[in-house]
Amino acid sequence: MDPADRGRRHALIVPRLAVSVVPAPHQLEATRPRLLTRVRTVLRVRHYSRRTEKSYVGWIKRFIFFHGVRHPDLMGEAEVRAFLTDLALRSHVSASTQNQAFSALLFLYREVLGRKLEGLEEGVRAKRPVHLPVVLSREEVRSVLERLRGVPWLMASLIYGSGLRILECARLRVKDLDFVRGEVTVRDGKGRKDRVTLLPGRLTDALHLHLDRVREQHRRDLSRGGGHVALPEALARKYPNADGDWAWQWVFPASRCHDDPRLGPRRRHHLHETVLQRAFHEAVRSAGIAKHATCHTLRHSFATHLLEAGYDIRTIQELLGHNDVSTTMIYTHVLNRGGLGVRSPLDC
């Protein structure tokens, strides 16, 4: 072949090859996972909780729809500021809610889209007000517990007696209760931390009776091909049969099993926290207590009553699982009450 013809043939082939090898930008975008799928993937790779995942995805969706379904990659600081301003001025959300939305959008841009949002940290993040916790007196706690029955009574008593959060109580497994040492081990609590707190001796008999009933239920589930629970992280792969072991079962299981095609056999989840919340709300109303008391109020009361009894703040910090003692110090407001602190000049 003539060299000139060879050169012309090469000039025709090379552009065609270049077009076929390098996709157009819209073709590249079409082959990438959808945005919310990428968000969920990054959250799970970084081991964020499912509740955080649900919250962050919800705020990102709300942000996108607020700006007319524009892709976040086409927006930036101005759009984020406008969205958060609207939350505060029109929706009248609390400071913590506004900060949660801001954290979700920061995660989206920094961790998923690989962009930094400049100049927003100081100007947008809302200052959270400092509220004193609602605390029930010992008599009020007793009055509320007397109006609860069955599992809600046992859970509420354990929350108050051990200083648990409501989800920490609901997610307890059989192996987390140590009756010999009188301890409760809280696994993967707030901040993904484990801690040890006390197990009230007064609840020992009631917990044993409750666990006997739960164990019988577990035997029936196993005989029907169920009796399995979800295991944390990758333990299901490391210990394939552990999900049916008694030690891994929930202390407070749900009344019904559920099917989850991703997890395999029929499983029983832990009791949903709303069961206790509804029963507690009704008990507070029935007791005639004029305070905005929730299940978390029992945890506040646990810390306050220990402080009143003379236990040191560091011990209470460890039992509550606070990172910083300044968080625990908020309970020292009880020292300003009555004979424990300053006397009113009217009483002098």
Side-chain angles (χ1 to χ4, degrees), residues 133 135-146 148-218 229 231-232 235 242 245-253 270-271 273 276 279-280 283 295-323 325 327-328 331-332 334:
V135 175
L136 299 177
S137 67
R138 294 175 187 270
E139 292 72 23
E140 288 172 333
V141 171
R142 190 177 301 112
S143 179
V144 171
L145 294 180
E146 285 174 351
L148 293 171
R149 297 290 182 271
V151 173
W153 169 82
L154 190 54
M155 293 181 71
S157 299
L158 196 56
I159 289 173
Y160 172 63
S162 303
L164 303 177
R165 299 177 178 91
I166 185 171
L167 275 178
E168 291 173 346
C169 181
R171 291 171 178 170
L172 284 175
R173 299 181 190 259
V174 174
K175 65 183 183 62
D176 298 330
L177 302 181
D178 189 334
F179 291 99
V180 176
R181 296 178 59 87
E183 294 178 347
V184 177
T185 302
V186 178
R187 310 280 182 182
D188 200 15
K190 189 174 182 180
R192 311 219 67 179
K193 297 178 300 181
D194 293 355
R195 76 175 190 278
V196 175
T197 185
L198 50 93
L199 177 63
R202 186 172 293 183
L203 295 181
T204 298
D205 292 341
L207 280 169
H208 277 304
L209 288 173
H210 171 74
L211 288 176
D212 287 342
R213 291 192 292 269
V214 173
R215 190 160 199 166
E216 183 57 35
Q217 176 182 264
H218 177 55
V229 294
L231 296 182
L235 284 176
D245 289 350
W246 168 240
W248 284 100
Q249 301 304 305
W250 306 112
V251 173
F252 301 108
H270 62 71
L271 189 70
E273 63 271 19
L276 175 57
F280 186 83
C295 294
H296 202 70
T297 304
L298 294 174
R299 175 174 157 91
H300 293 322
S301 303
F302 164 84
T304 302
H305 296 165
L306 285 182
L307 195 61
E308 287 177 331
Y311 289 95
D312 67 276
I313 197 75
R314 291 288 183 181
T315 299
I316 298 172
Q317 176 193 358
E318 291 295 321
L319 294 174
L320 293 174
H322 289 160
N323 273 336
V325 71
T327 307
T328 318
Y331 297 109
T332 59
V334 300

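It should be emphasised that the depicted structure is a prediction, and the values quoted were computed from it without experimental measurement. Residue numbers start at 1 and run along the sequence shown.
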**OP:** Quickly, which of H322, E318, Q317 forms a side chain to side chain donor-acceptor pair (under 3.5 Å) with T328? Name it, please.
**Re:** H322

Original post:
With no hydrogens and no angle check, is any side-chain donor or acceptor of S143 less than 3.5 Å from a backbone partner on E139?
Top reply: no

Original post:
Is D245 reaching over with its side chain to a backbone N or O of W248, donor-acceptor style, under 3.5 angstrom?
Top reply: no

Mind checking whether [X] and [Y] have side chains closer than 4.5 Å, heavy atoms only?
X	Y	result
L271	W250	no
F302	S162	no
L276	F252	no

Subject >> Residue pairs, two or more places apart or on separate chains, that pass side chain to side chain donor-acceptor pair (under 3.5 Å) and touch residues 165-186 >> reply: R165-E168, E168-R195, D176-R187, R181-E183

Subject >> Option passing side-chain contact (heavy atoms from CB on, under 4.5 Å) with V251 (candidates L172, V214, V184, V151) >> reply: L172

Rounded to the nearest 0.5 Å, how far does [atom2] of [Y] lie from [atom1] of [X]?
X	Y	atom1	atom2	answer
E273	L167	CD	CG	4.5 Å
S157	L148	OG	CG	7.5 Å
F280	L298	CZ	CG	4.0 Å
L306	T315	CG	OG1	9.0 Å
L158	I166	CG	CD1	12.0 Å
C169	R299	SG	CZ	12.0 Å

Subject >> Summary of salt bridge (charged side-chain N to carboxylate O under 4.0 Å, His left out) pairs that have at least one residue in residues 202-214, sequence neighbours excluded >> reply: none

Which heavy-atom pair separates [X] from [Y] by the least distance, and what is that distance?
X	Y	answer
L307	Y331	CD2-O, 3.2 Å
G321	K193	O-NZ, 2.9 Å
G163	L320	O-CD2, 4.1 Å

Original post:
Any ring-ring contact (aromatic ring centres under 6.0 Å, His included) pairs touching residues 148-167, not counting sequence neighbours?
Top reply: Y160-H305

Original post:
In this structure, are over 12 heavy atoms from other groups packed under 6.0 Å from F179 atom CZ?
Top reply: yes

